[in-house]
Amino acid sequence: MDRFFIRQEISQSTFIENQEDVKHISKVLRLRVNDKIEVVDSNEKEYLCEIIAISKDSVEYKVIEEVAIKRELGVQIKVYQGVPKGQKLDLIAQKLTEIGVYSITPVEFKRCISSIKEEKEDKKIARLQRIIYEAAKQSKRNHIPKIESPMTFKELVKELKSNTINIVFYECEEENNLKSYFASLDLSKVESIGVIVGPEGGITPEEIELLESNGCKVLTLGARILRTETAAVVASAIIAYEAENIQT
């Protein structure tokens, strides 16, 4: 069943007015009156609904029932991704949304090969947010992750204070891994995890030292060196698995 988001509480609106969604419902999916859809409101609550009218500018529906399925993780995973080259950030944003991350922030490390130019930032962020929106619908999310504006490494260090814990993956780390680190934690008491992934060029020893001195745990993802886009997905998937375990 297809899922759509509205910006109001379900009690305040019985219309889907996002023009891309309206077009998708009527022209692509070719849904009709009496067809069922899923609607998620601004409170991130999910409802089973029935279409009662379709016009050029909106789709009207009625609520059948609230759906009591916990879709979101018990821990907010906030990924700080070193800016990769090309279109890799598109893939990273899509897959991290499917996995269940809370937010994604591009970070400019010293060894970044690419950067998001200021004059193109708004367009880039808007495109990534559209990718995330579609991925959130497809993966049955109740929360649409936000793609934050790119930040410098210094801004990242300051940002770490907003998370319960922070971890960074470093190819020179050989002993400490996610399994052993999580074994020492009570994840039910962790509200948010900052996950730092370096760019293609890696993270410099100086950056690692500064992150570690600011309370960031340095970990390894194994003996194999992963591409930046692979590391972000693998790390987030492992953390999401552990976070879902605390809910059962």
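Because the structure is a prediction, the values reported are computed rather than measured. Sequence positions, counted from 1, serve as the residue numbers for this chain.
The side chain to side chain contact (heavy atoms under 4.5 Å, CB included) test with I132 singles out one residue from I144, D90, L96, and that residue is I144. The only member of Q76, E44, E72 that meets side-chain hydrogen bond (donor to acceptor under 3.5 Å, both in side chains) when paired with H143 is E44.
Residues L187 and E242 are in side-chain contact: their nearest non-hydrogen atoms beyond the backbone lie under 4.5 Å apart. Contact check for Y61 versus I10: side-chain heavy atoms found under the 4.5 Å cut-off. Side-chain contact between N34 and E50 is present, with at least one heavy-atom pair separated by less than 4.5 Å. Between K78 and T105, every side-chain heavy-atom pair lies at or beyond the 4.5 Å cut-off. At a threshold of 4.5 Å between non-hydrogen side-chain atoms, the residues Y102 and L73 do not count as touching. For the pair V101 and V195, the minimum side-chain heavy-atom distance is 4.5 Å or more.
More than 12 heavy atoms of other shown residues, nucleotides or ligands fall within 6.0 angstrom of atom CZ in R111. The number of heavy-atom neighbours closer than 6.0 Å to CD of Q12, taken from other residues, nucleotides and ligands shown, is above 12. Counting heavy atoms of neighbouring residues, nucleotides and ligands inside a 6.0 Å radius, atom NZ of K124 exceeds 12 of them. At most 12 non-hydrogen atoms from other residues, nucleotides or ligands lie less than 6.0 angstrom from CD of E209.
Residues meeting the salt bridge (Lys or Arg N to Asp or Glu O under 4.0 Å) test with R71, sequence neighbours left out: E46. Partners of Y47 by ring pair (Phe, Tyr, Trp, His ring centres under 6.0 Å), not counting sequence neighbours: none found.
Here the side chain of N166 pairs a donor or acceptor atom with the backbone of L160 at under 3.5 angstrom. When atom types are taken as modelled, the side chain of Q81 and the backbone of I104 share no donor-acceptor pair closer than 3.5 angstrom. Of the possible polar contacts, one joining the S42 side chain to the E9 backbone as a donor-acceptor pair under 3.5 Å is found. With hydrogens and angles disregarded, no donor-acceptor distance shorter than 3.5 Å links the side chain of E200 to the backbone of G202. Proximity of a side-chain donor or acceptor of T164 to a complementary backbone N or O of I193 within less than 3.5 Å is not detected. Side-chain N or O atoms of Q129 include one that pairs as donor or acceptor with a backbone N or O of P145 at under 3.5 Å. Formation of a donor-acceptor pair under 3.5 Å by the T220 side chain with backbone atoms of N177 is not found in this model. In this structure a side-chain-to-backbone donor-acceptor pair under 3.5 Å is present from S236 to A232. Between the side chain of N163 and the main chain of S192, no donor-acceptor pair closer than 3.5 Å is present. No side-chain donor-acceptor contact under 3.5 Å links E65 to the backbone of V63.
The aromatic rings of F109 and F153 sit tilted relative to each other, their planes meeting at an angle between 30° and 60°.
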### Message
Would E134 and K137 count as a salt bridge (Lys or Arg N to Asp or Glu O under 4.0 Å) here? Give the steps.
### Response
CA-CA 5 Å; E134 292 301 323; K137 291 196 295 183; 3.4 Å; yes
### Query
What do the steps show when you test I167 against I239 for side-chain contact (heavy atoms from CB on, under 4.5 Å), and what is the final call?
CA-CA 11 Å; I167 57 181; I239 297 169; 3.7 Å; yes
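N142 approaches F5 most closely through the heavy-atom pair O-CE2, 3.8 Å. Between P84 and L89, the closest heavy-atom pair is CG-N, 3.8 Å.
Ion pair K95/E229 not flagged as a salt bridge, since none of the NZ, NE, NH1 or NH2 atoms sits closer than 4.0 Å to an Asp/Glu carboxylate oxygen.
Side-chain contact, D186 with S188: a donor N or O sits under 3.5 Å from an acceptor N or O.
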